[in-house]
**Q** 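What follows is a structure written as structure tokens; I'll ask about it next.
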Protein chains: 2
Amino acid sequence: MGSLTTIQRLSEFAGQSVELQGWVYNTRSSGKIGFLMLRDGTGIVQSVISTDDVSGELFGTFETLTQESAVTVRGEVREDKRAPGGYELLVNGLDVHHVAQDYPIAPKEHGTAFLMDHRHLWLRSRRQHAIMLVRHEVIRACRDFLDNNDFVLVDTPIITPNAVEGTTTLFAIDYFGRSAYLTQSGQLYNEANAIALKKVYCFGPTFRAEKSKTRRHLTEFWMVEPEMAYCDLDGNIEWAEQLVAYIVSRVLETRMEQLDVLERDVSRLEVIGTPFPRVSYTEAVDMLQKAGIDFQWGGDFGGGDETILSENFEQPLIIHRFPAAIKAFYMKRDPDDERLALGVDILAPEGYGEIVGGGQREDDLDTLTTLIKQNDLPLEDYQWYLDLRRYGSVPHSGFGMGIERVVGWICGVPHLRETIPYPRTLTRLEP
Amino acid sequence: MGSLTTIQRLSEFAGQSVELQGWVYNTRSSGKIGFLMLRDGTGIVQSVISTDDVSGELFGTFETLTQESAVTVRGEVREDKRAPGGYELLVNGLDVHHVAQDYPIAPKEHGTAFLMDHRHLWLRSRRQHAIMLVRHEVIRACRDFLDNNDFVLVDTPIITPNAVEGTTTLFAIDYFGRSAYLTQSGQLYNEANAIALKKVYCFGPTFRAEKSKTRRHLTEFWMVEPEMAYCDLDGNIEWAEQLVAYIVSRVLETRMEQLDVLERDVSRLEVIGTPFPRVSYTEAVDMLQKAGIDFQWGGDFGGGDETILSENFEQPLIIHRFPAAIKAFYMKRDPDDERLALGVDILAPEGYGEIVGGGQREDDLDTLTTLIKQNDLPLEDYQWYLDLRRYGSVPHSGFGMGIERVVGWICGVPHLRETIPYPRTLTRLEP
């Protein structure tokens with residue numbers, strides 16, 4: 001009996017006997033030598049089974065194996081530069097736990113709707129498996145970066161009585177007879193938490209009931225939102241670019257094997273480093289106009305505009321100081337130009353769109369009260385938020401980073417539905 | 001000008017000049033010497049301001065400071081064993097950014113309803129601040145333990161079409177005209193993910209629309225749920241007890257200052273270590289009956305029963321093999337006794353109740369199909385879940401651990417409403 005281990009740890013067992021528990025990814029046989037591609041959830045290894053080494057009965061068992069049957073395989077780990085992963089297994093034992101019949105995802109092409117309907121099985125495929133591992137690493141990198149920089153995780157509520165950015169795209173729920181909403185952002189609460197704990201973040205699911213069917217929209221997605229007291233727009237931008245750069249370097253350091261499976265051009269990731277280029281909104285409008293786009297100052301950038309802007313840079317592009325009219329009411333006005341708000345977006349390179357949005361918050365009680373009234377928001381519901389300007393108000397800033405957008409960019413996957421385990425869209429609620 | 005730093009890092013600056021940005025926790029003055037307790041979100045430090053060292057104007061400014069006014073304080077860091085935290089600041093400069101008027105939470109007693117209504121401010125108080133830091137550490141410890149043991153975070157959906165454990169306690173939402181529910185558990189999805197990625201976990205908010213008003217119930221709470229393929233009940237129990245023990249040791253290692261603020265008897269935490277005691281449900285029923293409780297085999301333990309059981313042990317108590325009739329349909333039957341399900345609960349010591357619940361899952365297609373029908377659940381909705389038993393079914397297990405329950409136990413806080421930043425209960429949806 002060899003040591004029970006996993007495929008990701010095989011390099012620690014070169015020349016030794018091991019036991020692996022997994023599933024049949026596929027098989028082929030030349031009559032006397034069989035090849036069993038075994039996946040165990042941590043990786044895939046080629047297992048070689050020869051009639052010279054095992055009984056005819058065992059080889060017969062191998063020949064009956066179907067895709068996704070559950071098996072335990074025993075054998076010797078052999079380094080082989082030609083083998084995928086660098087190691088293969090010389091099989092001397094095989095137990096079959098469960099024979100799968102007619103696994104629906106064959107190694108052929110399937111339509112996206114079919115694959116999405118079988119998402120619970122599709123996750124077993126090599127490509128989806130690789131995306132999930134990168135996603136895991138992106139999230140872990142976010143948390144490590146923030147935790148190691150003295151940020152405190154303070155979870156903000158999912159069920160809220162308030163709407164941060166208007167009510168048109170909210171999912172409503174019945175809360176014991178009261179109306180309530182699923183959160184779109186933890187930001188208002190983050191501001192209270194930052195005054196209490198200095199540098200904080202929330203990291204949870206957020207929801208938008210948008211009737212958009214584009215590849216960039218999910219109705220349920222994950223967002224990390226840091227918020228810092230005693231921090232202005234420039235400080236905010238620095239935290240955001242440091243975070244993005246850290247995530248990229250971390251994935252490159254730990255997940256090269258998965259990026260390889262995804263056939264990602266990693267040279268586009270290896271160049272990422274701070275400082276990222278900074279342009280003002282007004283400069284960005286100039287760039288669009290010079291590129292021949294009919295874009296007027298005051299408008300919001302669409303997906304196409306973002307792609308054109310980001311194509312000018314190999315780094316993520318920081319755009320700051322937007323027209324106040326197109327930004328949320330709580331954004332602080334630029335003291336140098338009242339038409340502008342101290343907001344910031346970061347666009348990923350290669351046309352992957354906005355990955356960060358944030359800004360400095362309005363910290364003056366009277367100004368914020370006026371803005372709430374001008375936006376026809378119910379003042380009474382915002383009294384607690386206004387308290388933050390009554391008691392020890394200080395400059396403070398923050399941003400949100402969409403996890404799926406970042407995963408899509410890093411993996412080179414244009415459609416967000418592959419970047420989250422169980423996507424929720426306008427037309428999809430299953431499985 | 002001294003270095004800009006934070007109170008938690010003051011020990012690195014002994015004898016040096018620093019600048020701190022924060023808020024006034026409270027002040028007192030003897031006419032010639034003033035004491036400013038400064039909080040900056042990372043800690044509290046006593047700042048001493050003397051008329052011998054600063055101008056009369058500056059001392060006058062100090063004397064006008066109100067609770068929660070925002071200030072920058074400059075001075076020299078002096079080690080002082082008698083000072084709270086071991087360091088104090090000899091002030092030589094002070095800037096006032098914002099003067100708070102009539103901060104509502106005075107350093108006197110307030111009723112819980114009042115404090116909960118002011119949760120956005122209450123978090124600034126020393127005790128709530130300490131609980132939030134312990135919560136942060138508990139969550140970080142969970143993630144580190146799982147990540148370092150090769151678990152992969154795979155986020156399960158919040159908006160679901162299925163009900164895991166019946167529909168009576170679900171929050172319903174309108175999903176573009178379809179009915180959907182907020183998740184009560186990621187478990188069904190976790191099972192699919194474990195077959196795809198071996199050892200996985202989800203970690204997100206979960207929801208129960210329970211009309212309970214006890215101190216142990218929140219409608220929105222956070223749960224970490226690991227799930228392992230090729231893992232039976234015993235393996236599951238070992239992972240759960242290792243996780244719990246790791247969290248306790250990590251908090252003791254890093255958050256002693258906060259436990260001190262909370263006046264926690266840490267001797268009760270310092271004894272925690274694996275293996276935890278294990279009793280079967282049947283043995284636990286015997287224990288209750290011997291303690292004079294009128295409890296019949298087959299019933300579910302109530303909060304009072306759990307307290308009595310846990311009081312016999314200084315360690316968390318593992319209870320396993322429950323009557324199948326009181327457990328969820330997907331739990332595997334005990335092959336040695338068909339009346340029993342291979343479930344496990346872990347009760348915290350000191351009467352803090354259940355912190356872990358889980359078990360081995362039914363992996364046989366026919367048995368599970370029958371159970372779904374017997375429970376009057378719609379078979380069609382569970383076809384994807386049954387797929388996991390059609391294609392490579394293996395023994396698999398998992399558990400859920402409630403974060404707020406663990407934080408409450410470790411902090412010694414009996415009411416869960418203090419263990420989450422913005423509690424949601426039957427009667428509370430604000431702030």
Side-chain angles (χ1 to χ4, degrees), chain A residues 6 21 23 40-42 68-70 97-98 100 103 120-121 123-124 129 132-133 136 139-140 143 147 150 152-159 161 171-176 178 180 189 192-193 196-198 204-205 220 222 229-230 384 387 390-394 420-422 424 426 429-431, chain B residues 6 21 23 40-42 68-70 97-98 100 103 120-121 123-124 129 132-133 136 139-140 143 147 152-159 161 171-176 178 180 189 192-193 195-198 204-205 220 222 229-230 384 387 390-394 420-422 424 426 429-431:
Chain A
T6 56
Q21 298 171 322
W23 297 266
D40 77 344
T42 76
E68 287 302 321
S69 289
H97 307 297
H98 185 248
Y103 185 67
H120 56 293
L121 303 177
L123 291 172
R124 304 181 187 184
H129 183 268
M132 290 303 116
L133 288 181
H136 166 89
I139 292 171
R140 195 176 182 192
R143 292 183 179 271
D147 293 347
D150 295 336
V152 181
L153 172 71
V154 186
D155 294 305
T156 51
I158 309 300
I159 302 177
F171 284 111
I173 67 169
D174 173 3
Y175 194 80
F176 303 114
R178 292 185 55 186
Y189 295 95
N193 301 339
L197 292 119
K198 193 98 168 182
E220 173 181 315
W222 286 72
Y230 284 102
W384 73 267
D387 274 354
R390 292 186 180 104
Y391 311 116
S393 189
V394 298
I420 188 167
Y422 297 91
R424 296 293 180 249
L426 179 58
L429 179 56
E430 279 99 6
Chain B
T6 55
Q21 298 171 322
W23 296 266
D40 77 345
T42 76
E68 286 302 320
S69 289
H97 307 298
H98 185 250
Y103 186 67
H120 55 294
L121 303 177
L123 290 172
R124 304 182 186 184
H129 183 268
M132 291 302 117
L133 289 181
H136 166 90
I139 292 172
R140 194 176 184 194
R143 293 184 178 270
D147 293 347
V152 181
L153 172 71
V154 186
D155 294 305
T156 51
I158 309 300
I159 302 177
F171 283 111
I173 68 167
D174 174 2
Y175 194 78
F176 303 115
R178 293 185 53 186
Y189 296 94
N193 302 338
I195 307 302
L197 292 118
K198 191 97 170 185
E220 173 181 315
W222 288 71
Y230 285 102
W384 72 267
D387 275 355
R390 293 187 179 104
Y391 310 116
S393 188
V394 298
I420 188 167
Y422 298 92
R424 297 293 181 249
L426 179 58
L429 180 55
E430 279 100 7

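The basis for the numbers below is simple: all heavy atoms, side chains too, and nothing from hydrogens, waters or symmetry mates. Order of the sequence lines fixes the chain letters, A, B, ..., with proteins taken first and strands second; residue numbering starts at 1 for each chain.
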**Q** Using the test salt bridge (charged side-chain N to carboxylate O under 4.0 Å, His left out), find all partners of B/D40 that sit at least two apart in sequence or belong to another chain.
**A**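 Salt bridge (charged side-chain N to carboxylate O under 4.0 Å, His left out) list for B/D40, sorted by chain: empty.
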**Q** Counting heavy-atom pairs under 4.5 Å to chain B, which of A/P205, A/A229, A/S69 comes out on top?
**A**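 Going by pairs under 4.5 Å, I would pick A/P205.
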**Q** Using non-hydrogen atoms only, which part of B/V394 is less than 4.5 Å away from chain A: side chain, backbone, both, or neither?
**A**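 For B/V394, side-chain heavy atoms alone lie under 4.5 Å from chain A.
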**Q** Please report the interatomic distance CH2(A/W222) to CG(B/L153), rounded to the nearest 0.5 Å.
**A**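 Rounded to the nearest 0.5 Å, the CH2-CG separation comes to 7.5 Å.
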**Q** Under 4.5 Å, counting heavy-atom pairs only, tell me which of B/L133, B/I420, B/D155 racks up the most with chain A.
**A**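 With the most close heavy-atom pairs to chain A, the winner is B/D155.
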**Q** Highest number of heavy-atom pairs under 4.5 Å with chain B: which of A/L121, A/T42, A/I139?
**A**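 The answer is A/L121.
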**Q** Between chain A and each of B/A172, B/A180, B/G204, B/S393, count heavy-atom pairs under 4.5 Å; write down the option with the most.
**A**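 Highest number of pairs under 4.5 Å: B/S393.
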**Q** Highest number of heavy-atom pairs under 4.5 Å with chain B: which of A/D150, A/D174, A/L123?
**A**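 With the most close heavy-atom pairs to chain B, the winner is A/D150.
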**Q** Does this structure show an ion pair linking A/R390 with B/E68, if we count only N-O contacts that are shorter than 4.0 Å?
**A**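 No, this pair does not count.
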**Q** Looking at the rings of A/H97 and B/Y230, which for Trp means the six-membered one, are their centres under 6.0 Å apart?
**A**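 Yes, they do, as the ring centres are separated by less than 6.0 Å.
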**Q** If we define contacts as heavy-atom pairs under 4.5 Å, which of B/D147, B/I173, B/V152 has the most with chain A?
**A**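 Maximum pair count with chain A is reached by B/D147.
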**Q** A/T156: what forms a side-chain contact (heavy atoms from CB on, under 4.5 Å) with it, not counting sequence neighbours?
**A**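 Here the qualifying residues are A/Y189, A/N190, A/N193, A/C202.
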**Q** Rounded to the nearest 0.5 Å, how far apart are CD1 of A/I159 and CD of B/E220?
**A**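 With rounding to 0.5 Å, CD1 (A/I159) is 5.0 Å from CD (B/E220).
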